[in-house]
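Have a look at the structure below before the remarks.
Throughout, protein chains are lettered first and strands after them, A, B, ... in sequence-line order, and every chain is numbered starting at 1.
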Number of protein chains: 2
Amino acid sequence: MANSASGDSVVDRIVRLLSAFPEDVTALPLSELAQRSGLPLTTTHRLVRQLAGHGLLDATPGGLVRPGLRLWELVNRTAPALALRQAAMPFMEDIQQVLNQNVNLAVLDGWEALFVERLSRRGSVSNRARVAGRMPVHTSSAGLALMAHQDKLLQSQYLDQFADAEGKAATDAVRVLLSETFHQGFAQLKGVVDPDTWGIAVPVLNSRQRAVASLGVVVPLREMRLQALVPALQTAARGIARRLESP
Amino acid sequence: MANSASGDSVVDRIVRLLSAFPEDVTALPLSELAQRSGLPLTTTHRLVRQLAGHGLLDATPGGLVRPGLRLWELVNRTAPALALRQAAMPFMEDIQQVLNQNVNLAVLDGWEALFVERLSRRGSVSNRARVAGRMPVHTSSAGLALMAHQDKLLQSQYLDQFADAEGKAATDAVRVLLSETFHQGFAQLKGVVDPDTWGIAVPVLNSRQRAVASLGVVVPLREMRLQALVPALQTAARGIARRLESP
DNA sequence: TGGAAGCCTCCCATTCAACGGAAGCGGTGC
DNA sequence: GCACCGCTTCCGTTGAATGGGAGGCTTCCA
């Protein structure tokens, strides 16, 4: 780091600070933030003050710290996820109105599906896919739909690391799932995420037939309209893809 | 700054880098980023590499730089705007379905309305309120609805600085607008933003009757259903407020 | 085909901003 | 009244950040 102690740069510290906010908490006392980020209190204090000066963090009079509006603004006006979201929203709304269920939009990041948007219907089944939440590829229909339509190279890298972590038997099961997903053109996971729900996702393909996103719904197990669900999702996915190519 | 030249800290530099991305561009060459941010090329290169290492930026093989998914994720899982957005979305969707027009949600930041969410209908009138976009208080119905329901102190600070910038006559006009907005319980701007549209916004009030957000629609000038629009918006705003108080 | 121009990348001596322990300050509870 | 806890300020030390310069790669002309 800059001077003396622990060994990371200012950038590292800032990232640690930003990452230290837990998923659902909006404001933390300075001291807790220091603890969570593993930074000395003084350093935390100084950085927070600087960041707050730019509006990236917000320091309330009571000593609480929370992410700032300016940070949200900076990110949400230029983030790559935004273009995707803008293209997808009208279609997601359509799907939601027709099927009256949770709809979600995800992209692949590393070996996980990162959920970019989610529309939930009051009264619909609970949906674990939070906005900005992550789920492993092999336990989410979104993840499967995304991974099934990637380069062979990327897929084998994924399967290799999966084998290292989970063993050969589990890996073979995932390989079968991916293959099915690819040939069917959609992914379904019955009761894996949540015993009472059924996740279905289709890929949003670019011109080279690679998945740049996935569009999915989470419905109750008893819902049996697969014939209607899948074509509706696929049509919407094509619409999103078209909008992405010619904005 | 850290060493030698220009006079700002590492935090300043990082903020400059993040702010340097123009509104609608997703990826920039390194050299252009350096130019826009006013940082030496070398410094830009080093910072970008560090930030990219954390996923806050994304450096493509071609030398282009764009905001990273990780940054989006960090911000969008903890930002204060998120709770508001989550609370408001179902109501915004209802409004949109019933009125079939653009719906937007804004908060007050400084002397501007910052748009947090926007649902636009295909085929509806154009809506200048971009997500993460800003509009001055006095030229947006959202801004008026927000400012009209703030502390007297904040209002007079606003009017003071407005008078300095725009003169007394203009300030009096804004004062009247704010007063009308307050007493009517909603703001309307006919053809100010765009000659062919009509902006209407209502405040989302907390328990102390202060506006924490505004909910608005943008409709064509010919739309005359004010009697229907305003109550619908006000009902939705109350619903949002209730959700915010007891999550 | 040669070479000029533009861009990203790496190197490295200089130096001042970042660091963090210690002390100060204000509030709260026993 | 005293002990405790958290936020804030102070300040001497020091090594990380800096950025000019040089190298390597590609592209675009002449």
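- Classified by interplanar angle (parallel below 30°, tilted 30° to 60°, perpendicular above 60°), the ring pair B:Phe182/B:His149 is tilted.
- A:Leu39 places its CG atom 16 Å from the C1' atom of C:dG21, with the value rounded to the nearest Å.
- One can place CG of A:Leu41 at 12 Å from P of D:dT9, the figure rounded to the nearest angstrom.
- Summarising the geometry, the separation between CG on B:Leu30 and P on C:dC8 is reported as 5 Å, rounded to the nearest angstrom.
- Under a 4.0 Å N-O distance rule, the pair A:Glu117/B:Arg85 qualifies as a salt bridge.
- Checking A:Val11 against A:Pro29, the closest nucleotide of DNA chain D that is more toward the 5' end is the one next to A:Pro29.
- Each of C:dC8, C:dA18, D:dT8 was ranked by its minimum atom distance to the side chain of B:Ser9; first place goes to C:dA18.
- You'll find the side chain of B:Leu71 stays beyond 4.5 Å of the side chain of B:Asp58, heavy atoms only.
- With sequence neighbours left out, A:Glu112 forms a side chain to side chain contact (heavy atoms under 4.5 Å, CB included) with A:Arg134.
- Residue A:Arg13 places at least one side-chain N or O under 4.0 Å from the OP1 or OP2 atom of C:dG20.
- Ion pair B:Asp109/A:Arg70 not flagged as a salt bridge, since none of the NZ, NE, NH1 or NH2 atoms sits closer than 4.0 Å to an Asp/Glu carboxylate oxygen.
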Under 3.5 Å, sequence neighbours excluded: what are the donor-acceptor pairs made by side chains of residues 43-55 of chain B?
residue, atom, partner, partner atom, Å
B:Thr44, OG1, B:Pro40, O, 2.9
B:Gln50, OE1, A:Ser9, OG, 2.9
B:His54, NE2, A:Asp12, OD1, 2.4

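- Residues of residues 45-64 of chain A having a heavy atom closer than 4.0 Å to DNA chain C, listed by number: A:Arg46.
- Separating the CD atom of B:Gln35 from the C1' atom of C:dC8 is a distance of 15 Å, rounded to the nearest angstrom.
- Remark: P of D:dC7 and CG of A:Leu33 are 10 Å apart, rounded to the nearest angstrom.
- Using a 4.0 Å heavy-atom criterion, one finds that A:Thr42 contacts the bases of the nucleic acid, with or without backbone contacts as well.
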